[in-house]
**Student:** 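Mind having a look at this structure? Questions to follow.
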Amino acid sequence: MDWTFHNPKFIADAAPELPASFIAGGAWSGHRKFAYDLVRFARPSLIVELGTLYGTSYFSFCQAIKDAQLKSACYAVDTWMGDAHTGAYGSLDDSMYAAVNAVSAREFPGIGTPLRGTFDQALAAFPDGSIQLLHIDGYHVYEAVLHDYTTWLPKLAEGGIILFHDTVVRLADFGVYRLWSELSAMPHLHFEHSNGLGVLFPKGCPASFQPIIGRQQELADHYG
């Protein structure tokens, strides 16, 4: 099976509950087509996202599952309360969570499930070795992202993939770049546009992905 460059139509772009400028023009938007193509290539049965906000990445995963008619499930874990980097938006109202939940239920029934709670609280919902694709995009200080990685690594399947966003951001106390530099001796892909996206294979790289890793520059040129 070869990697395919799709030209998807993201339903979330037209969802009235979501801010279109954020979904299509925010920090994660530059990785949406890669995320879509990744899901269609890897065909993961279970995707878990840690940190969702308005769902730019989450809805990209869900769109790929829907379009390819995969028997996959995608979970978005977030408190929807905010943190020191995003601001404490959840203390004002529940509009962000309500928006993600509404779009998920309407457009991706049986595919996407928002799980409201902390990342640590959600651990018990997933057996060890069950997750094929894990996206870590929570609080971005070094200690927090290291904690998320180490606590969720046992949940990852053999040959599973972990995505890290903001791998090139060095502002204030952002520390994802530090963890990425420590982990990137393992098989990986890396994209520097849109704040950076690391694609890590910490439990071995499947044979199907080995030639894809060899196409790093081609993929970076295409998606960047």
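Being a predicted model, the structure only gives us computed values, none of them experimental.
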**Student:** List for me each residue that meets salt bridge (Lys or Arg N to Asp or Glu O under 4.0 Å) alongside Asp67, sequence neighbours excluded, and say none if there are none.
**Tutor:** none
**Student:** Do Tyr58 and Phe119 share a hydrophobic cluster (ILVMFWY, side-chain heavy atoms under 4.5 Å, transitive)?
**Tutor:** no
**Student:** Okay, side chain of Thr79, backbone of Gly117: is any donor-acceptor separation there less than 3.5 Å?
**Tutor:** no
**Student:** Among residues at least two apart in sequence or on other chains, which ones pass side chain to side chain donor-acceptor pair (under 3.5 Å) with Thr167?
**Tutor:** His190
**Student:** With sequence neighbours left out, write down each residue that passes side chain to side chain donor-acceptor pair (under 3.5 Å) with Lys66, or none if nothing qualifies.
**Tutor:** none
**Student:** Would you say Ile131 and Leu70 are hydrophobically clustered, going by side-chain heavy atoms of ILVMFWY under 4.5 Å?
**Tutor:** no
**Student:** Given side chains that start at C-beta, do those of Tyr142 and Val176 come closer than 4.5 Å, heavy atoms only?
**Tutor:** no
**Student:** Could you work out the complete set of other residues in the hydrophobic cluster of Tyr36, with links drawn between I, L, V, M, F, W and Y side chains under 4.5 Å apart?
**Tutor:** Phe10
**Student:** Is a donor on one side and an acceptor on the other found under 3.5 Å between the side chain of His188 and the backbone of Met186?
**Tutor:** yes
**Student:** Taking only residues two or more places apart in sequence, or in another chain, which ones meet Lys203 in a side chain to side chain donor-acceptor pair (under 3.5 Å)?
**Tutor:** none
**Student:** Who are the side chain to side chain donor-acceptor pair (under 3.5 Å) partners of Asp166, not counting sequence neighbours?
**Tutor:** His140, Asn195
**Student:** If I take atom CG from residue Leu183 and atom CG from residue Leu200, how far apart are they, to the nearest 0.5 angstrom?
**Tutor:** 5.5 Å
**Student:** Testing Thr52, Asn101, Asp94 one by one against Arg116 for a side chain to side chain donor-acceptor pair (under 3.5 Å), which residue passes?
**Tutor:** Asp94
**Student:** Under the ring-ring contact (aromatic ring centres under 6.0 Å, His included) test, which residues partner Phe126, sequence neighbours left out?
**Tutor:** Tyr75, Trp152
**Student:** Using the test salt bridge (Lys or Arg N to Asp or Glu O under 4.0 Å), find all partners of Asp120 that sit at least two apart in sequence or belong to another chain.
**Tutor:** none
**Student:** So, taking the atom named CD1 in Ile111 and the one named SG in Cys74, what distance separates them when rounded to the nearest 0.5 Å?
**Tutor:** 9.0 Å
**Student:** Quick one: pull up OG in Ser60 and CD1 in Ile47 and give me the separation to the nearest 0.5 Å.
**Tutor:** 10.5 Å
**Student:** Rounded to the nearest 0.5 Å, what separation is found between the CZ atom of Phe59 and the CG atom of Asp13?
**Tutor:** 11.0 Å
**Student:** Report yes if the distance between the aromatic ring centroids of His193 and His31 is under 6.0 Å, otherwise no.
**Tutor:** yes
**Student:** If you look at every heavy atom in Gly160 and Pro202, which pair is closest and at what distance?
**Tutor:** O-CD, 3.8 Å
**Student:** Kindly write out the residues that satisfy ring-ring contact (aromatic ring centres under 6.0 Å, His included) with Phe201, not counting sequence neighbours, or none if the list is empty.
**Tutor:** Phe209
**Student:** Name the one of Leu38, Val48, Leu163 that satisfies side chain to side chain contact (heavy atoms under 4.5 Å, CB included) with Phe61?
**Tutor:** Leu163
**Student:** For Ser104 and Pro114, which heavy atoms make the closest approach, and how far apart are they?
**Tutor:** OG-CD, 3.8 Å
**Student:** Rounded at 0.5 Å granularity, tell me how far OH in Tyr149 sits from CG in Leu179.
**Tutor:** 7.5 Å
**Student:** I need the Gln63 CD to Phe108 CZ distance, nearest 0.5 Å.
**Tutor:** 4.5 Å
**Student:** Which heavy atom in Ala27 sits nearest to a heavy atom in His165, and how many Å separate them?
**Tutor:** O-NE2, 3.5 Å
**Student:** With distance as the sole test, does Thr4 use its side chain to make a donor-acceptor pair with the main-chain N or O of His6 at under 3.5 Å?
**Tutor:** no
**Student:** side-chain contact (heavy atoms from CB on, under 4.5 Å) between Leu50 and Asp137: does it pass, once the steps are laid out?
**Tutor:** CA-CA 6 Å; Leu50 307 179; Asp137 196 15; over 6 Å; no
**Student:** Do you reckon Val168 sits in the same ILVMFWY cluster as Val199, going by side-chain contacts under 4.5 Å, direct or chained?
**Tutor:** no
**Student:** Does some side-chain heavy atom of Ile213 sit less than 4.5 Å from a side-chain heavy atom of Cys205?
**Tutor:** yes
**Student:** Do Phe22 and Ser29 have side-chain heavy atoms sitting under 4.5 Å apart?
**Tutor:** no
**Student:** Any side-chain heavy atom of Lys33 within less than 4.5 Å of one from Asn7?
**Tutor:** yes
**Student:** Could you report the tightest heavy-atom contact between Leu18 and Ala99, atom names first, then the distance?
**Tutor:** CD2-CB, 4.0 Å
**Student:** Looking at side-chain heavy atoms only, is the closest gap between Val39 and Ile65 below 4.5 Å?
**Tutor:** yes
**Student:** Between Ala64 and Arg40, which heavy-atom pair has the shortest distance, and what is it?
**Tutor:** CB-CG, 3.8 Å
**Student:** Is a side-chain donor or acceptor of Asp78 paired with a backbone partner of Leu53 at a separation under 3.5 angstrom?
**Tutor:** yes
**Student:** By salt bridge (Lys or Arg N to Asp or Glu O under 4.0 Å), which residues pair with Glu17, not counting sequence neighbours?
**Tutor:** Arg106
**Student:** Would you mind listing every side chain to side chain donor-acceptor pair (under 3.5 Å) that reaches into residues 213-223, with sequence neighbours excluded?
**Tutor:** Asp2-Arg215, Trp3-Tyr223, Asp37-Tyr223, Arg215-Glu218, Gln217-Asp221
**Student:** Going only through I, L, V, M, F, W and Y residues with side-chain contacts under 4.5 Å, is there a path from Leu153 to Val145?
**Tutor:** yes
**Student:** Please tell me whether Phe174 and Phe164 are part of a single hydrophobic cluster in this structure, the criterion being side-chain heavy atoms less than 4.5 Å apart.
**Tutor:** no
**Student:** List the atom of Pro206, the atom of Gly159, and the distance in Å for their closest heavy-atom pair.
**Tutor:** CG-O, 3.4 Å
**Student:** Going through the distances and angles, do Leu197 and Phe34 end up as a side-chain contact (heavy atoms from CB on, under 4.5 Å)?
**Tutor:** CA-CA 10 Å; Leu197 185 73; Phe34 170 77; 3.9 Å; yes
**Student:** In sequence, state the C-alpha distance, the side-chain angles, and the governing distance for Trp28 and His135, and then conclude on ring pair (Phe, Tyr, Trp, His ring centres under 6.0 Å).
**Tutor:** CA-CA 12 Å; Trp28 224 96; His135 175 215; 5.1 Å; yes
**Student:** Is there any salt bridge (Lys or Arg N to Asp or Glu O under 4.0 Å) pair reaching into residues 138-159, and which pairs are they, with sequence neighbours excluded?
**Tutor:** Asp128-Lys155
